[in-house]
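Working notes, structure below.
Only this structure's heavy atoms are used, side chains among them; waters, hydrogens and symmetry mates stay out. A note on names: the letters A, B, ... follow the listed sequences, proteins ahead of strands, and every chain is numbered from 1.
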Amino acid sequence: MDALTWTGSLGTFLNPAFMLLAGLLAVAIVAQIVLSFFAAPVTLQSNPDGTLEARGGMLGLTETAVHYLFLGTLVVVVAYIVVPQVMPYGAAGIIGELSKRFLPVWIALISLYTVSIIYKRKLGLYGKLFDSTVGMIGFGLVMFWVFTAIFVGMFDMIATHDYLSQVSGLKNKLPGVAVPEGTEGVIPHYLLGGDNLARDIFSRMVAGSVFVISIAPLATIFAFMVGITLGLPAGYYGGKLDTILSFLANLILAFPVILLFYLLVTPEIVLTGIPSYMAAFLFVFPLIFFGVLLNSRYYTQPSKRNAIMIPVLGVLLWLYLSIINQPGTVINFLPAWMDLFDISILVVFVSVVFVNAPTVFRIVRGLTLDLRTRDYVAAAQTRGEGAWYIMLWEILPNARGPLIVDFCLRIGYTTILLGTLGFFGLGLSSESPDWGSTINEGRKLLLIFAHPALPPAVALLSLVLGLNLLADGLREESLKD
Amino acid sequence: MGLFILRRLGIMVLTALCLTFIVFWLTNLAPNLEKLAKTQGNARMSDEAVVTWLANRGYSQPLPIKYGQWLGVLPGYVIEGTDGDVRARCSTPGEPLETAPTFCGILQGDWGYSTVAKDEVTSVLPVRLANTGKLMFWVLIIMIPSALIIGILAGMREGSRTDRALSTTAIVSTATPEYVSGVILISFFATGTFGMQWFKGVASGAVSDANFENFFLPVITISLYAIGYIARMTRASMAEVMTAQYIRTARLKGVSFPKIVLKHALRNALIAPFTVIMLQIPWLLTGVVIVESLFVYQGFGWELVRAASNNDIEMLLAISVVSVFVVLVTQLISDIGYVFLNPRIRIS
């Protein structure tokens, strides 16, 4: 087997075309920005014969040029992805094979977008997202990694080799290297090369997405539960409660994140059981949240309340107990058949929630302080509703806009935090394929071999960028109401 | 105003006490002390030997007493060890015990002894801080002007093509954590992979002799992450000011656009970014730790990583005091500055 080149035979036509179009596009964009400071703006002038005429020559011209050049570049990029699907193995080079590997993701993305755009008027805020280009791009990037994680984690597709198996002779080999006879995975090449321990970088990168996509949103949800459950009463009641809780939140926020991680996420601290106790404390908040949420709404109809609350709280309690219950730590009392999952990285999870919760608390508190003076709150108070009903069923739904936007941003920030932990080798095993650890592995030989560290770095960047763009799109669309 | 500052100072001291106590407690947990004994004494010590080693050196006293000794409000321990030696917290090696002072804590200016650097904390940490100070100086020199310029250009014509291009750049830069941008910058500009080997990927030489070649990449890596955030805040503040009544009046009077931006809008638009920049400085601390480890630059962050991985208790405490101090002082400055800059608050 020969090594693959980057674009194979596809590149003979597409590479020059891409270079030319992308170069011209860059020139046109710069020209347009520079011109926008000096040239006259484009105006419409109505002629005596009833026609309209665009004025403002140079600037208008660059605008048209940028538009068409952008479309042209987009066509070439799409060609890089679409054409290899019908070409034989290896003919389209590394890029072609990568795009073939991601075929299930492309299909899922296209179907999701088609369905969403057709029904966007019936889908509320989610549908409105498809009115904003920025939001669509961001959502696309996020869903790309979500689908990748689903296909890799659940169906074992996309990845070409086992992310842990080492193939001798492929240590630090460049992208496109052929693997020796008898060690082929799904395909006989390491698409993005081999890392320091001769493992497939591409398979490690896609396996890393499973870790991030499953941990980051969950940790963010927990942080929101804690922040909301404490922030609402702090903002609503004010007084001593607010002073104490705000002081505690500021105390955690004044701690440099990195120092906190270094103090909390060490094997010695895990031995003392502090992370387990913190987990037991932090993860009880969803239970409190849902308990209070349902009770404040249905307490006037006890039979209905019991019918709803008992199953909900029962399931949550079971989940709670199986999360905090860890064999080998201080909290280990559940029989094995009741313990649903075994989270070996509980300490990572706990510390990420712990760092995020105070910021959410501050946001929720600020929003509550603003919203509690509204008329509908006064109306609810006059009706004689309970304080928790007002907080959870009147104030919280009205604070949802900023909270959803912050939720997207915070998932991105959590992803960065998880990467930071991996980068310093804290709490995660060095075998772990998550992006932070892979970057950490790659940086040790960065000055000699740059290729192992780049794919996880770009992957992390694109996911966080997607989340930020998505948050921007959502903010823009929710402000239009 | 005086009362306000006094109250803030009180909260500051309380926060600093709480935080150092937490660090003290975490570093003095039993498994951490055992690790310390084994790294300092003998790696193959038996459990009994560990206990006596710790007892002889005052580590097995109750936590509040140890904390009080570290602060300097309780007299330092004098322990006659099981091996016959008398050890005192405040003694200096080579001098008789009788001359040692009774109190030696940070209140007396004694920050303790770093077990990893094998030197007094007060002689190691200032050097590291000076190195980081040099780094931060250049970061601020690059970060503040570029962030403000990007934000002002984007915000003065909201929705224009310039605005969209610059805002996208700002979003990309906030989405790139230091360890990602550092790795990308090093592989592009410090290795031969892409044929652009212009800079050095290691900044350890910059400690004594910083030049463009070995210092540019670390500085730009830290700046990039913060530039985006500050630029977006500046843009939002600028865009808000540009819709104000007095700007419209100035336009209707026929004042030229550059003059409106420079003379009327800028001054009010810069109040919010000032606060943001001050509050961003503590956030830069994480960036400093990452960049200093990535580029092997012997500064404050590098020392933090070294102290934390070896449970160097007194060094870690000193580091946390410094970082908590930085966080709280920047918060105080941003509050006071906001009041001074904003005439509406200042006069009322």
Side-chain angles (χ1 to χ4, degrees), chain A residues 29 32-33 36-37 63 66 134 138 247-248 250-251 253-264 266-272 274 412 415-417 419-420 422-424 435-436 439-440 442-443 446-451 453-454 456-458 460-469 472, chain B residues 11 14-16 18-19 22-23 26-27 29-32 34-35 157 160-162 164-168 171-172 174-177 179-184 186-188 190-191 193-194 201-202 282-283 285-286 289-290 293-294 301 304-305 307-309 311 316 319-320 323-324 326-328 331:
Chain A
I29 288 177
Q32 192 193 26
I33 288 176
S36 71
F37 290 113
E63 194 135 325
V66 166
V134 171
F247 178 74
L248 287 178
N250 288 336
L251 198 68
L253 287 177
F255 232 116
V257 176
I258 204 86
L259 184 63
L260 198 68
F261 280 163
Y262 255 111
L263 291 175
L264 274 184
T266 56
E268 286 80 28
I269 298 280
V270 177
L271 273 182
T272 61
I274 290 173
T415 311
I416 292 180
L417 283 183
T420 313
F423 181 80
F424 286 110
W435 294 334
I439 294 173
N440 185 31
R443 75 166 165 131
L446 192 60
L447 292 176
I448 312 162
F449 301 105
H451 67 274
L454 279 179
V458 173
L460 196 142
L461 168 60
S462 63
L463 176 63
V464 179
L465 177 64
L467 286 162
N468 278 342
L469 291 176
D472 226 44
Chain B
I11 294 176
L14 189 62
T15 315
C18 289
L19 286 182
I22 293 170
V23 177
L26 285 173
T27 46
L29 286 169
N32 274 333
E34 193 186 324
K35 187 175 147 196
R157 283 203 188 93
S160 70
R161 195 60 70 106
T162 322
R164 268 181 282 163
L166 291 177
S167 297
T168 315
I171 292 183
V172 174
T174 44
T176 322
Y179 51 90
V180 168
S181 54
V183 161
I184 292 177
I186 289 181
S187 38
F188 270 80
T191 68
T193 322
F194 298 90
V202 176
W283 284 102
L285 206 66
T286 313
V289 178
I290 292 171
S293 340
L294 186 62
L304 190 160
V305 171
S309 3
N311 202 37
L316 261 182
I319 284 173
S320 54
S323 43
V324 167
V326 169
V327 172
L328 298 176
Q331 273 177 8

If you measure from CG on L26(B) to OG1 on T266(A), what distance do you get to the nearest 0.5 Å?
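Spacing of CG (L26(B)) from OG1 (T266(A)) equals 8.5 Å.
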Using non-hydrogen atoms only, which part of [X] is less than 4.5 Å away from chain A: side chain, backbone, both, or neither?
X	result
L304(B)	side chain
T27(B)	side chain
T174(B)	both
R164(B)	neither

Contact leader toward chain A among [options], where contacts are heavy-atom pairs under 4.5 Å:
options	value
L328(B), T162(B), I171(B)	I171(B)
L19(B), V202(B), V327(B)	L19(B)
T286(B), V289(B), T176(B), V324(B)	V289(B)

Please list, chain by chain and in numerical order, all residues satisfying side chain to side chain contact (heavy atoms under 4.5 Å, CB included) with P256(A), sequence neighbours excluded.
L259(A), L285(B), S323(B)
Of all residues at least two apart in sequence or in a different chain, which pass the side chain to side chain contact (heavy atoms under 4.5 Å, CB included) check with A165(B)?
I33(A)
Within the structure provided, determine whether [X] and [Y] are in side-chain contact (heavy-atom separation under 4.5 Å).
X	Y	answer
I22(B)	F255(A)	yes
I269(A)	N32(B)	yes
L461(A)	I184(B)	yes
I290(B)	F424(A)	yes
W435(A)	V180(B)	no
I274(A)	L29(B)	yes
T420(A)	P177(B)	no

Let me know if [X] has heavy atoms under 4.5 Å from chain B in its side chain, its backbone, both or neither.
X	answer
N440(A)	neither
L465(A)	both
V134(A)	neither
F247(A)	side chain
L463(A)	neither
S462(A)	neither
F449(A)	neither

Determine whether a donor-acceptor pair (N or O, by modelled atom type, separation under 3.5 Å) exists between the side chain of Y179(B) and the backbone of I416(A).
yes
